[in-house]
2 protein chains.
Amino acid sequence: MRTISSKNATKIKIIYAAIKLFNEHGTGAVSTNRIASEAGISPGNLYYHFKNKEDIIRSILQEMIGEWDKLWLTPKGWEPTLSDMKKIIRLNIELQIKYCFFYRELISLMRIDPELQRIHQQIQKQRFIEQRRVFQQFVEAGHLRLAESDMDSLLTSCWIISNNWLSFLEISGLEIDDSSISKGIGLILSILRPYISSFEWGLLEGS
Amino acid sequence: MRTISSKNATKIKIIYAAIKLFNEHGTGAVSTNRIASEAGISPGNLYYHFKNKEDIIRSILQEMIGEWDKLWLTPKGWEPTLSDMKKIIRLNIELQIKYCFFYRELISLMRIDPELQRIHQQIQKQRFIEQRRVFQQFVEAGHLRLAESDMDSLLTSCWIISNNWLSFLEISGLEIDDSSISKGIGLILSILRPYISSFEWGLLEGS
DNA sequence: ATTTAATTAGAGTATTTACTCTATTTTTTA
DNA sequence: TAAAAAATAGAGTAAATACTCTAATTAAAT
(Lines give C-alpha, C1' and ligand atoms only; values in the text may rest on other atoms or scores of the structure.)
Protein backbone atom coordinates (compact mmCIF):
# COMPACT_ATOMS: atom_id res chain seq x y z
CA MET A 1 0.00 0.00 0.00
CA ARG A 2 2.46 2.64 -1.21
CA THR A 3 1.13 6.17 -1.13
CA ILE A 4 2.64 9.25 -2.70
CA SER A 5 4.86 10.91 -0.14
CA SER A 6 5.67 14.60 -0.33
CA LYS A 7 9.24 13.72 -1.31
CA ASN A 8 8.16 12.44 -4.72
CA ALA A 9 7.59 15.86 -6.21
CA THR A 10 7.99 14.67 -9.78
CA LYS A 11 5.69 11.72 -9.31
CA ILE A 12 2.99 14.04 -8.00
CA LYS A 13 3.48 16.40 -10.92
CA ILE A 14 3.04 13.52 -13.34
CA ILE A 15 -0.06 12.23 -11.60
CA TYR A 16 -1.75 15.58 -11.52
CA ALA A 17 -0.85 16.33 -15.11
CA ALA A 18 -2.30 12.95 -16.05
CA ILE A 19 -5.51 13.53 -14.08
CA LYS A 20 -5.97 16.89 -15.74
CA LEU A 21 -5.43 15.60 -19.28
CA PHE A 22 -7.39 12.39 -18.73
CA ASN A 23 -10.35 14.38 -17.42
CA GLU A 24 -10.21 16.71 -20.38
CA HIS A 25 -9.60 14.28 -23.23
CA GLY A 26 -9.96 10.73 -21.91
CA THR A 27 -7.20 8.18 -21.30
CA GLY A 28 -7.20 6.93 -24.87
CA ALA A 29 -6.51 10.32 -26.42
CA VAL A 30 -3.66 11.28 -24.08
CA SER A 31 -0.16 9.98 -24.81
CA THR A 32 2.54 9.52 -22.21
CA ASN A 33 4.66 12.09 -24.01
CA ARG A 34 1.89 14.60 -23.65
CA ILE A 35 1.60 13.88 -19.95
CA ALA A 36 5.35 14.40 -19.58
CA SER A 37 5.11 17.65 -21.48
CA GLU A 38 2.19 18.86 -19.35
CA ALA A 39 4.17 17.97 -16.23
CA GLY A 40 7.18 19.85 -17.59
CA ILE A 41 9.52 16.87 -17.65
CA SER A 42 11.03 14.55 -20.26
CA PRO A 43 9.44 11.30 -21.46
CA GLY A 44 12.44 9.39 -20.17
CA ASN A 45 11.91 10.80 -16.73
CA LEU A 46 8.27 9.79 -16.78
CA TYR A 47 9.29 6.22 -17.47
CA TYR A 48 11.82 6.40 -14.68
CA HIS A 49 8.95 6.98 -12.25
CA PHE A 50 6.29 4.79 -13.84
CA LYS A 51 6.57 1.44 -15.54
CA ASN A 52 3.90 2.32 -18.09
CA LYS A 53 0.62 4.08 -18.68
CA GLU A 54 -1.35 1.52 -16.69
CA ASP A 55 0.97 2.12 -13.77
CA ILE A 56 0.06 5.81 -13.85
CA ILE A 57 -3.63 5.01 -13.87
CA ARG A 58 -3.24 2.61 -10.98
CA SER A 59 -1.44 5.29 -9.00
CA ILE A 60 -4.28 7.69 -9.68
CA LEU A 61 -6.67 5.09 -8.31
CA GLN A 62 -4.57 4.83 -5.15
CA GLU A 63 -4.61 8.60 -4.84
CA MET A 64 -8.39 8.58 -5.22
CA ILE A 65 -8.78 5.81 -2.66
CA GLY A 66 -6.69 7.85 -0.25
CA GLU A 67 -8.96 10.86 -0.58
CA TRP A 68 -12.00 8.70 -0.34
CA ASP A 69 -10.78 7.13 2.88
CA LYS A 70 -10.36 10.57 4.44
CA LEU A 71 -14.01 11.18 3.61
CA TRP A 72 -15.42 8.12 5.33
CA LEU A 73 -13.05 7.54 8.21
CA THR A 74 -14.00 10.79 9.95
CA PRO A 75 -17.58 9.90 10.89
CA LYS A 76 -16.48 7.21 13.33
CA GLY A 77 -17.71 7.14 16.85
CA TRP A 78 -20.13 10.01 16.73
CA GLU A 79 -23.75 9.70 15.87
CA PRO A 80 -24.55 10.96 12.38
CA THR A 81 -27.59 12.99 11.40
CA LEU A 82 -29.34 13.03 8.05
CA SER A 83 -27.91 16.41 7.24
CA ASP A 84 -24.43 14.97 7.87
CA MET A 85 -25.30 12.42 5.25
CA LYS A 86 -26.14 15.16 2.79
CA LYS A 87 -22.65 16.56 3.32
CA ILE A 88 -21.02 13.18 2.78
CA ILE A 89 -22.94 12.61 -0.42
CA ARG A 90 -21.90 16.04 -1.65
CA LEU A 91 -18.23 15.44 -0.88
CA ASN A 92 -18.48 12.08 -2.59
CA ILE A 93 -19.88 13.70 -5.73
CA GLU A 94 -17.17 16.33 -5.64
CA LEU A 95 -14.58 13.54 -5.64
CA GLN A 96 -16.29 12.16 -8.71
CA ILE A 97 -15.77 15.49 -10.41
CA LYS A 98 -12.10 15.59 -9.48
CA TYR A 99 -11.49 12.11 -10.92
CA CYS A 100 -14.25 12.14 -13.47
CA PHE A 101 -12.33 10.30 -16.18
CA PHE A 102 -12.12 7.37 -13.85
CA TYR A 103 -15.84 7.18 -13.32
CA ARG A 104 -16.47 7.62 -17.03
CA GLU A 105 -14.09 4.91 -18.18
CA LEU A 106 -14.09 2.63 -15.17
CA ILE A 107 -15.35 -0.53 -16.82
CA SER A 108 -13.13 -0.17 -19.87
CA LEU A 109 -10.10 0.52 -17.69
CA MET A 110 -10.82 -2.49 -15.51
CA ARG A 111 -11.16 -4.72 -18.54
CA ILE A 112 -7.84 -3.59 -19.93
CA ASP A 113 -6.03 -3.97 -16.62
CA PRO A 114 -7.05 -6.90 -14.41
CA GLU A 115 -4.83 -5.64 -11.60
CA LEU A 116 -6.79 -2.38 -11.54
CA GLN A 117 -9.96 -4.44 -11.50
CA ARG A 118 -8.78 -6.44 -8.51
CA ILE A 119 -7.88 -3.33 -6.52
CA HIS A 120 -11.07 -1.51 -7.35
CA GLN A 121 -13.37 -4.41 -6.62
CA GLN A 122 -11.76 -4.93 -3.26
CA ILE A 123 -12.17 -1.27 -2.35
CA GLN A 124 -15.71 -1.25 -3.63
CA LYS A 125 -16.60 -4.11 -1.32
CA GLN A 126 -15.10 -2.28 1.65
CA ARG A 127 -16.93 0.90 0.76
CA PHE A 128 -20.22 -0.90 0.62
CA ILE A 129 -19.70 -2.40 4.06
CA GLU A 130 -18.79 0.97 5.56
CA GLN A 131 -21.81 2.61 4.03
CA ARG A 132 -24.00 -0.14 5.34
CA ARG A 133 -22.64 0.55 8.79
CA VAL A 134 -23.56 4.22 8.52
CA PHE A 135 -27.01 3.26 7.28
CA GLN A 136 -27.40 0.95 10.23
CA GLN A 137 -26.53 3.82 12.54
CA PHE A 138 -29.28 5.92 10.99
CA VAL A 139 -31.77 3.17 11.59
CA GLU A 140 -30.63 2.67 15.17
CA ALA A 141 -30.79 6.41 15.81
CA GLY A 142 -34.39 6.36 14.61
CA HIS A 143 -33.82 8.59 11.62
CA LEU A 144 -34.82 5.85 9.24
CA ARG A 145 -37.63 3.40 9.79
CA LEU A 146 -37.07 0.31 7.69
CA ALA A 147 -36.81 -3.43 8.06
CA GLU A 148 -33.44 -5.15 8.01
CA SER A 149 -34.52 -6.97 4.85
CA ASP A 150 -35.09 -3.71 2.96
CA MET A 151 -31.78 -2.16 3.87
CA ASP A 152 -29.54 -3.68 1.25
CA SER A 153 -31.80 -2.85 -1.63
CA LEU A 154 -32.32 0.72 -0.45
CA LEU A 155 -28.59 1.17 0.05
CA THR A 156 -27.87 -0.27 -3.39
CA SER A 157 -30.33 2.12 -4.99
CA CYS A 158 -28.76 5.10 -3.26
CA TRP A 159 -25.33 3.86 -4.20
CA ILE A 160 -26.16 3.52 -7.87
CA ILE A 161 -27.79 6.93 -8.08
CA SER A 162 -25.03 8.62 -6.16
CA ASN A 163 -22.35 7.13 -8.36
CA ASN A 164 -24.14 7.80 -11.61
CA TRP A 165 -25.77 11.15 -11.10
CA LEU A 166 -22.95 13.03 -12.81
CA SER A 167 -22.96 10.59 -15.70
CA PHE A 168 -26.69 11.11 -16.00
CA LEU A 169 -26.21 14.87 -16.18
CA GLU A 170 -23.41 14.55 -18.69
CA ILE A 171 -25.24 12.08 -20.90
CA SER A 172 -28.33 14.26 -20.82
CA GLY A 173 -26.29 17.30 -21.78
CA LEU A 174 -27.08 19.12 -18.55
CA GLU A 175 -24.79 21.50 -16.73
CA ILE A 176 -22.75 20.20 -13.80
CA ASP A 177 -22.84 22.90 -11.15
CA ASP A 178 -23.81 23.47 -7.57
CA SER A 179 -27.52 23.45 -8.24
CA SER A 180 -27.50 20.28 -10.30
CA ILE A 181 -25.43 18.52 -7.65
CA SER A 182 -27.97 19.55 -5.03
CA LYS A 183 -30.65 18.17 -7.26
CA GLY A 184 -28.87 14.80 -7.25
CA ILE A 185 -28.69 14.79 -3.48
CA GLY A 186 -32.36 15.64 -3.39
CA LEU A 187 -33.04 12.71 -5.64
CA ILE A 188 -31.33 10.30 -3.28
CA LEU A 189 -33.20 11.73 -0.30
CA SER A 190 -36.48 11.42 -2.15
CA ILE A 191 -35.91 7.70 -2.31
CA LEU A 192 -35.43 7.61 1.43
CA ARG A 193 -38.41 9.91 1.93
CA PRO A 194 -40.97 7.13 2.58
CA TYR A 195 -38.79 5.85 5.40
CA ILE A 196 -38.23 9.17 7.14
CA SER A 197 -40.77 10.59 9.59
CA SER A 198 -42.44 13.87 8.64
CA PHE A 199 -40.79 15.55 11.59
CA GLU A 200 -37.26 14.57 10.56
CA TRP A 201 -38.02 15.46 6.97
CA GLY A 202 -38.99 18.96 8.07
CA LEU A 203 -35.65 19.37 9.82
CA LEU A 204 -33.87 18.16 6.72
CA GLU A 205 -35.55 20.64 4.40
CA GLY A 206 -34.16 23.44 6.52
CA SER A 207 -30.52 22.36 6.42
CA MET B 1 -32.39 8.86 -40.83
CA ARG B 2 -30.82 6.15 -42.98
CA THR B 3 -31.36 2.64 -41.68
CA ILE B 4 -29.61 -0.53 -42.73
CA SER B 5 -31.65 -2.21 -45.43
CA SER B 6 -31.39 -5.90 -46.08
CA LYS B 7 -29.64 -5.17 -49.36
CA ASN B 8 -26.50 -3.91 -47.58
CA ALA B 9 -25.24 -7.36 -46.66
CA THR B 10 -21.64 -6.22 -46.28
CA LYS B 11 -22.54 -3.23 -44.20
CA ILE B 12 -24.48 -5.45 -41.82
CA LYS B 13 -21.60 -7.90 -41.62
CA ILE B 14 -19.26 -5.05 -40.69
CA ILE B 15 -21.60 -3.65 -38.07
CA TYR B 16 -22.14 -6.98 -36.38
CA ALA B 17 -18.46 -7.81 -36.45
CA ALA B 18 -17.78 -4.41 -34.89
CA ILE B 19 -20.41 -4.88 -32.19
CA LYS B 20 -18.98 -8.26 -31.30
CA LEU B 21 -15.38 -7.06 -31.09
CA PHE B 22 -16.27 -3.79 -29.35
CA ASN B 23 -18.24 -5.68 -26.71
CA GLU B 24 -15.37 -8.08 -26.15
CA HIS B 25 -12.41 -5.72 -26.17
CA GLY B 26 -13.66 -2.13 -26.17
CA THR B 27 -13.60 0.35 -29.05
CA GLY B 28 -10.08 1.52 -28.28
CA ALA B 29 -8.51 -1.90 -28.56
CA VAL B 30 -10.19 -2.88 -31.83
CA SER B 31 -8.67 -1.69 -35.11
CA THR B 32 -10.60 -1.24 -38.32
CA ASN B 33 -8.43 -3.90 -39.95
CA ARG B 34 -9.47 -6.33 -37.27
CA ILE B 35 -13.13 -5.52 -37.83
CA ALA B 36 -12.67 -6.13 -41.56
CA SER B 37 -10.95 -9.41 -40.85
CA GLU B 38 -13.71 -10.50 -38.45
CA ALA B 39 -16.30 -9.58 -41.07
CA GLY B 40 -14.35 -11.57 -43.66
CA ILE B 41 -13.71 -8.63 -45.99
CA SER B 42 -10.78 -6.41 -46.93
CA PRO B 43 -9.88 -3.16 -45.15
CA GLY B 44 -10.43 -1.26 -48.39
CA ASN B 45 -13.93 -2.60 -48.60
CA LEU B 46 -14.65 -1.51 -45.08
CA TYR B 47 -13.65 2.03 -45.97
CA TYR B 48 -15.83 1.86 -49.04
CA HIS B 49 -18.85 1.39 -46.79
CA PHE B 50 -17.84 3.59 -43.89
CA LYS B 51 -16.03 6.89 -43.85
CA ASN B 52 -14.15 6.02 -40.68
CA LYS B 53 -14.35 4.32 -37.32
CA GLU B 54 -16.65 6.97 -35.89
CA ASP B 55 -19.00 6.38 -38.79
CA ILE B 56 -19.22 2.71 -37.81
CA ILE B 57 -19.99 3.59 -34.23
CA ARG B 58 -22.67 6.04 -35.29
CA SER B 59 -24.27 3.35 -37.44
CA ILE B 60 -24.28 1.02 -34.46
CA LEU B 61 -26.07 3.70 -32.48
CA GLN B 62 -28.68 3.98 -35.22
CA GLU B 63 -29.10 0.21 -35.16
CA MET B 64 -29.55 0.33 -31.40
CA ILE B 65 -32.06 3.16 -31.63
CA GLY B 66 -34.03 1.11 -34.14
CA GLU B 67 -34.25 -1.84 -31.77
CA TRP B 68 -35.10 0.42 -28.91
CA ASP B 69 -37.94 2.00 -30.86
CA LYS B 70 -39.46 -1.39 -31.51
CA LEU B 71 -39.44 -1.94 -27.76
CA TRP B 72 -41.32 1.20 -26.81
CA LEU B 73 -43.59 1.81 -29.76
CA THR B 74 -45.58 -1.38 -29.19
CA PRO B 75 -47.26 -0.43 -25.92
CA LYS B 76 -49.29 2.34 -27.54
CA GLY B 77 -53.01 2.55 -27.09
CA TRP B 78 -53.54 -0.26 -24.64
CA GLU B 79 -53.46 0.10 -20.91
CA PRO B 80 -50.26 -1.24 -19.36
CA THR B 81 -50.03 -3.21 -16.14
CA LEU B 82 -47.14 -3.30 -13.71
CA SER B 83 -46.13 -6.74 -14.86
CA ASP B 84 -45.97 -5.36 -18.41
CA MET B 85 -43.52 -2.84 -17.06
CA LYS B 86 -41.40 -5.62 -15.65
CA LYS B 87 -41.20 -7.08 -19.14
CA ILE B 88 -40.23 -3.77 -20.69
CA ILE B 89 -37.48 -3.22 -18.12
CA ARG B 90 -36.16 -6.69 -18.81
CA LEU B 91 -36.10 -6.17 -22.57
CA ASN B 92 -34.39 -2.86 -22.01
CA ILE B 93 -31.68 -4.51 -19.95
CA GLU B 94 -31.26 -7.21 -22.57
CA LEU B 95 -30.61 -4.49 -25.15
CA GLN B 96 -27.96 -3.13 -22.84
CA ILE B 97 -26.28 -6.51 -22.93
CA LYS B 98 -26.37 -6.68 -26.71
CA TYR B 99 -24.75 -3.25 -27.06
CA CYS B 100 -22.86 -3.27 -23.80
CA PHE B 101 -19.75 -1.53 -25.13
CA PHE B 102 -21.92 1.43 -25.92
CA TYR B 103 -23.23 1.73 -22.39
CA ARG B 104 -19.77 1.24 -20.97
CA GLU B 105 -18.05 3.85 -23.08
CA LEU B 106 -20.94 6.20 -23.80
CA ILE B 107 -19.53 9.35 -22.26
CA SER B 108 -16.07 8.87 -23.77
CA LEU B 109 -17.54 8.16 -27.18
CA MET B 110 -19.76 11.22 -27.01
CA ARG B 111 -16.82 13.41 -26.06
CA ILE B 112 -14.76 12.15 -28.98
CA ASP B 113 -17.58 12.56 -31.49
CA PRO B 114 -19.89 15.56 -31.02
CA GLU B 115 -22.18 14.30 -33.76
CA LEU B 116 -22.74 11.11 -31.80
CA GLN B 117 -23.42 13.24 -28.77
CA ARG B 118 -26.04 15.27 -30.62
CA ILE B 119 -27.86 12.18 -31.86
CA HIS B 120 -27.79 10.41 -28.53
CA GLN B 121 -28.94 13.38 -26.50
CA GLN B 122 -31.84 13.95 -28.82
CA ILE B 123 -32.92 10.31 -28.53
CA GLN B 124 -32.43 10.34 -24.80
CA LYS B 125 -34.80 13.29 -24.50
CA GLN B 126 -37.44 11.49 -26.58
CA ARG B 127 -37.04 8.34 -24.54
CA PHE B 128 -37.55 10.22 -21.31
CA ILE B 129 -40.77 11.78 -22.60
CA GLU B 130 -42.12 8.42 -23.72
CA GLN B 131 -41.34 6.81 -20.40
CA ARG B 132 -43.00 9.68 -18.61
CA ARG B 133 -46.10 9.03 -20.67
CA VAL B 134 -46.13 5.37 -19.63
CA PHE B 135 -45.64 6.40 -16.02
CA GLN B 136 -48.55 8.78 -16.32
CA GLN B 137 -50.68 5.94 -17.60
CA PHE B 138 -49.82 3.88 -14.56
CA VAL B 139 -50.85 6.70 -12.31
CA GLU B 140 -54.09 7.25 -14.19
CA ALA B 141 -54.85 3.53 -14.11
CA GLY B 142 -54.48 3.64 -10.34
CA HIS B 143 -51.47 1.34 -10.20
CA LEU B 144 -49.28 4.06 -8.76
CA ARG B 145 -50.37 6.60 -6.18
CA LEU B 146 -48.13 9.61 -6.36
CA ALA B 147 -48.34 13.36 -6.75
CA GLU B 148 -47.52 15.00 -10.08
CA SER B 149 -44.62 16.77 -8.39
CA ASP B 150 -42.97 13.48 -7.34
CA MET B 151 -43.21 11.87 -10.74
CA ASP B 152 -40.11 13.27 -12.39
CA SER B 153 -37.80 12.44 -9.53
CA LEU B 154 -39.15 8.92 -9.22
CA LEU B 155 -38.86 8.39 -12.94
CA THR B 156 -35.32 9.72 -12.95
CA SER B 157 -34.35 7.37 -10.15
CA CYS B 158 -35.79 4.39 -12.00
CA TRP B 159 -34.09 5.51 -15.17
CA ILE B 160 -30.67 5.79 -13.56
CA ILE B 161 -30.91 2.43 -11.85
CA SER B 162 -32.25 0.70 -14.93
CA ASN B 163 -29.47 2.07 -17.10
CA ASN B 164 -26.70 1.38 -14.63
CA TRP B 165 -27.65 -1.91 -13.08
CA LEU B 166 -25.42 -3.91 -15.43
CA SER B 167 -22.53 -1.52 -14.85
CA PHE B 168 -23.07 -1.95 -11.14
CA LEU B 169 -22.89 -5.73 -11.48
CA GLU B 170 -19.83 -5.54 -13.68
CA ILE B 171 -18.00 -3.07 -11.47
CA SER B 172 -18.79 -5.16 -8.42
CA GLY B 173 -17.50 -8.27 -10.15
CA LEU B 174 -20.87 -10.01 -10.04
CA GLU B 175 -22.22 -12.41 -12.61
CA ILE B 176 -24.59 -11.10 -15.27
CA ASP B 177 -27.29 -13.74 -15.69
CA ASP B 178 -31.01 -14.20 -15.49
CA SER B 179 -31.15 -14.10 -11.73
CA SER B 180 -29.04 -10.96 -11.38
CA ILE B 181 -31.13 -9.20 -14.01
CA SER B 182 -34.27 -10.13 -12.08
CA LYS B 183 -32.63 -8.71 -9.00
CA GLY B 184 -32.17 -5.40 -10.81
CA ILE B 185 -35.80 -5.30 -11.82
CA GLY B 186 -36.73 -6.06 -8.23
CA LEU B 187 -34.58 -3.15 -7.13
CA ILE B 188 -36.45 -0.75 -9.36
CA LEU B 189 -39.78 -2.07 -8.17
CA SER B 190 -38.68 -1.71 -4.56
CA ILE B 191 -38.30 2.01 -5.16
CA LEU B 192 -41.85 2.15 -6.45
CA ARG B 193 -43.05 -0.05 -3.59
CA PRO B 194 -44.16 2.80 -1.29
CA TYR B 195 -46.42 4.09 -4.05
CA ILE B 196 -48.07 0.79 -4.90
CA SER B 197 -51.05 -0.53 -2.93
CA SER B 198 -50.56 -3.79 -1.02
CA PHE B 199 -53.14 -5.43 -3.22
CA GLU B 200 -51.36 -4.57 -6.47
CA TRP B 201 -48.04 -5.51 -4.93
CA GLY B 202 -49.41 -8.95 -4.16
CA LEU B 203 -50.41 -9.43 -7.78
CA LEU B 204 -46.94 -8.32 -8.87
CA GLU B 205 -45.14 -10.82 -6.66
CA GLY B 206 -46.97 -13.61 -8.42
CA SER B 207 -46.08 -12.63 -11.97
C1' DA C 1 -23.60 -7.49 -75.59
C1' DT C 2 -21.48 -3.55 -73.99
C1' DT C 3 -21.00 0.20 -71.30
C1' DT C 4 -21.37 2.02 -66.80
C1' DA C 5 -21.54 1.80 -62.02
C1' DA C 6 -20.97 -0.52 -57.65
C1' DT C 7 -18.25 -3.38 -54.95
C1' DT C 8 -14.12 -5.64 -53.31
C1' DA C 9 -9.16 -6.88 -52.60
C1' DG C 10 -4.93 -5.92 -50.90
C1' DA C 11 -0.73 -3.62 -50.92
C1' DG C 12 1.07 0.56 -49.14
C1' DT C 13 1.85 4.98 -46.30
C1' DA C 14 2.14 8.57 -43.05
C1' DT C 15 1.56 9.19 -38.40
C1' DT C 16 1.15 8.25 -33.85
C1' DT C 17 2.79 6.40 -29.72
C1' DA C 18 4.49 3.52 -26.03
C1' DC C 19 8.60 2.72 -24.49
C1' DT C 20 14.10 2.29 -24.50
C1' DC C 21 18.80 3.71 -24.15
C1' DT C 22 22.57 6.44 -23.09
C1' DA C 23 24.64 10.35 -21.57
C1' DT C 24 24.38 14.02 -18.14
C1' DT C 25 23.19 16.36 -13.96
C1' DT C 26 21.79 16.41 -9.28
C1' DT C 27 21.59 14.46 -4.77
C1' DT C 28 23.02 11.43 -1.16
C1' DT C 29 26.28 8.78 1.32
C1' DA C 30 30.61 7.62 3.39
C1' DT D 1 35.50 15.75 -0.80
C1' DA D 2 35.08 11.49 -3.49
C1' DA D 3 32.23 7.85 -4.79
C1' DA D 4 27.83 5.99 -5.41
C1' DA D 5 23.11 6.39 -6.31
C1' DA D 6 19.11 8.73 -7.91
C1' DA D 7 16.96 11.64 -11.13
C1' DT D 8 16.50 13.79 -15.59
C1' DA D 9 16.92 14.91 -20.58
C1' DG D 10 16.15 13.92 -25.09
C1' DA D 11 17.02 11.51 -29.12
C1' DG D 12 15.57 7.31 -31.14
C1' DT D 13 12.91 2.87 -32.40
C1' DA D 14 9.75 -0.66 -33.39
C1' DA D 15 5.09 -1.56 -33.75
C1' DA D 16 0.42 -0.42 -34.46
C1' DT D 17 -3.07 1.63 -36.98
C1' DA D 18 -6.25 4.63 -39.48
C1' DC D 19 -6.84 5.45 -43.79
C1' DT D 20 -5.61 5.74 -49.18
C1' DC D 21 -4.99 4.21 -53.82
C1' DT D 22 -5.25 1.42 -57.69
C1' DA D 23 -6.47 -2.42 -59.97
C1' DA D 24 -9.69 -6.11 -60.48
C1' DT D 25 -14.23 -8.18 -60.19
C1' DT D 26 -19.16 -8.29 -60.03
C1' DA D 27 -23.71 -6.38 -60.90
C1' DA D 28 -26.88 -3.17 -63.33
C1' DA D 29 -28.51 -0.64 -67.01
C1' DT D 30 -29.25 0.24 -71.82
Side-chain angles (χ1 to χ4, degrees), chain A residues 2-61 101 105 108-109 111-116, chain B residues 2-61 101 105 108-109 111-116:
Chain A
R2 167 179 43 100
T3 48
I4 314 292
S5 84
S6 57
K7 282 185 183 176
N8 286 320
T10 309
K11 223 164 173 174
I12 293 175
K13 269 197 291 182
I14 294 169
I15 284 186
Y16 279 85
I19 292 172
K20 188 190 163 201
L21 294 176
F22 287 164
N23 281 344
E24 280 169 6
H25 310 102
T27 54
V30 174
S31 68
T32 50
N33 286 19
R34 198 159 157 210
I35 295 171
S37 160
E38 173 77 28
I41 60 161
S42 64
N45 195 8
L46 186 146
Y47 278 91
Y48 174 77
H49 287 283
F50 294 95
K51 216 178 90 232
N52 51 33
K53 210 174 165 183
E54 286 181 357
D55 192 19
I56 297 176
I57 294 172
R58 275 185 222 142
S59 292
I60 294 177
L61 173 60
F101 86 91
E105 304 179 34
S108 305
L109 293 174
R111 285 172 72 86
I112 291 168
D113 180 4
E115 175 63 10
L116 193 85
Chain B
R2 169 177 43 101
T3 48
I4 314 293
S5 84
S6 56
K7 284 185 182 177
N8 287 320
T10 310
K11 223 163 174 174
I12 293 176
K13 269 197 291 181
I14 294 169
I15 284 184
Y16 280 85
I19 292 172
K20 188 190 163 202
L21 294 176
F22 287 164
N23 281 343
E24 280 170 7
H25 309 102
T27 54
V30 175
S31 69
T32 50
N33 286 18
R34 198 158 156 213
I35 295 171
S37 160
E38 173 77 28
I41 59 160
S42 64
N45 196 7
L46 186 145
Y47 278 92
Y48 173 78
H49 287 282
F50 294 95
K51 218 178 88 231
N52 50 34
K53 210 174 166 183
E54 288 181 356
D55 192 18
I56 298 175
I57 293 172
R58 273 183 223 144
S59 292
I60 295 177
L61 174 59
F101 86 92
E105 304 179 33
S108 305
L109 293 174
R111 287 171 70 86
I112 290 167
D113 180 3
E115 174 65 8
L116 193 86

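Numbers restart at 1 for each chain; the letters A, B, ... are given by sequence-line order, proteins then strands. All values below come from the heavy atoms of this structure, side chains included, with hydrogens, waters and symmetry mates left out.
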Take the protein atom [atom1] of [X] and the nucleotide atom [atom2] of [N], then report the distance between them rounded to whole Å.
X	N	atom1	atom2	answer
A:F50	D:dA7	CZ	P	12 Å
B:H25	D:dA16	NE2	C1'	16 Å
B:L46	D:dC21	CG	P	16 Å
B:I56	D:dC19	CD1	C1'	11 Å
B:I41	D:dT25	CD1	C1'	15 Å
A:E54	C:dC19	CD	C1'	13 Å
B:I35	D:dA16	CD1	P	17 Å

Any chance you could measure [X], atom [atom1], to [Y], atom [atom2], to the nearest 0.5 Å?
X	Y	atom1	atom2	value
B:I14	B:H49	CD1	NE2	5.5 Å
A:Y16	A:L21	OH	CG	14.5 Å
A:D55	A:I60	CG	CD1	10.5 Å

Could you tabulate the donor-acceptor pairs under 3.5 Å formed by side-chain atoms of residues 38-48 of chain A, not counting sequence neighbours?
from  : atom 1 : to    : atom 2 : distance (Å)
A:E38 : OE2    : A:K20 : NZ     : 3.0
A:S42 : OG     : A:N45 : N      : 3.2
A:Y47 : OH     : A:T32 : OG1    : 3.3

Protein and nucleotides 11-18 of chain C: nitrogen or oxygen contacts under 3.5 angstrom:
from   : atom 1 : to    : atom 2 : distance (Å)
C:dA18 : OP1    : A:K53 : NZ     : 3.4
C:dA18 : OP2    : A:T32 : N      : 2.7
C:dA18 : OP2    : A:T32 : OG1    : 3.1

If only side-chain N and O atoms of [X] are considered, is one of them under 4.0 Å from the OP1 or OP2 phosphate oxygen of [N]?
X	N	answer
B:S42	C:dG10	no
B:N45	C:dA9	yes
B:H49	C:dT8	yes
B:T10	C:dT8	yes
A:Y48	D:dT8	no

Using the 3.5 Å cut-off, write out each protein N or O paired with an N or O of nucleotides 23-25 of chain C and the distance between them.
none

Non-hydrogen atoms of B:I35 and B:A17 that approach each other most closely
O-CB, 3.9 Å

So which atom in A:V30 and which in A:G26 form the shortest heavy-atom distance, rounded to 0.1 Å?
CG2-O, 3.3 Å

Roughly how bent is the helix from C:dA1-D:dT30 to C:dA30-D:dT1 end to end, in steps of 10 degrees, with each end axis from five pairs?
20°

Residue pairs meeting salt bridge (Lys or Arg N to Asp or Glu O under 4.0 Å), one or both in residues 40-53 of chain B, sequence neighbours left out, come to none

How would you list, by chain and number, every residue that makes a salt bridge (charged side-chain N to carboxylate O under 4.0 Å, His left out) with A:R111, sequence neighbours excluded?
B:E170

Apply salt bridge (charged side-chain N to carboxylate O under 4.0 Å, His left out) to B:E24 and list each qualifying residue two or more places apart in sequence or on a separate chain.
none

B:S31 meets the side chain to side chain contact (heavy atoms under 4.5 Å, CB included) criterion, sequence neighbours left out, with B:N33, B:R34

Once side chain to side chain contact (heavy atoms under 4.5 Å, CB included) is applied, do any residues pair with A:L109, and if so which ones, sequence neighbours excluded?
A:T27, A:I57, A:F101, A:E105, A:L116

For A:N23, all residues meeting side chain to side chain donor-acceptor pair (under 3.5 Å), sequence neighbours excluded:
none

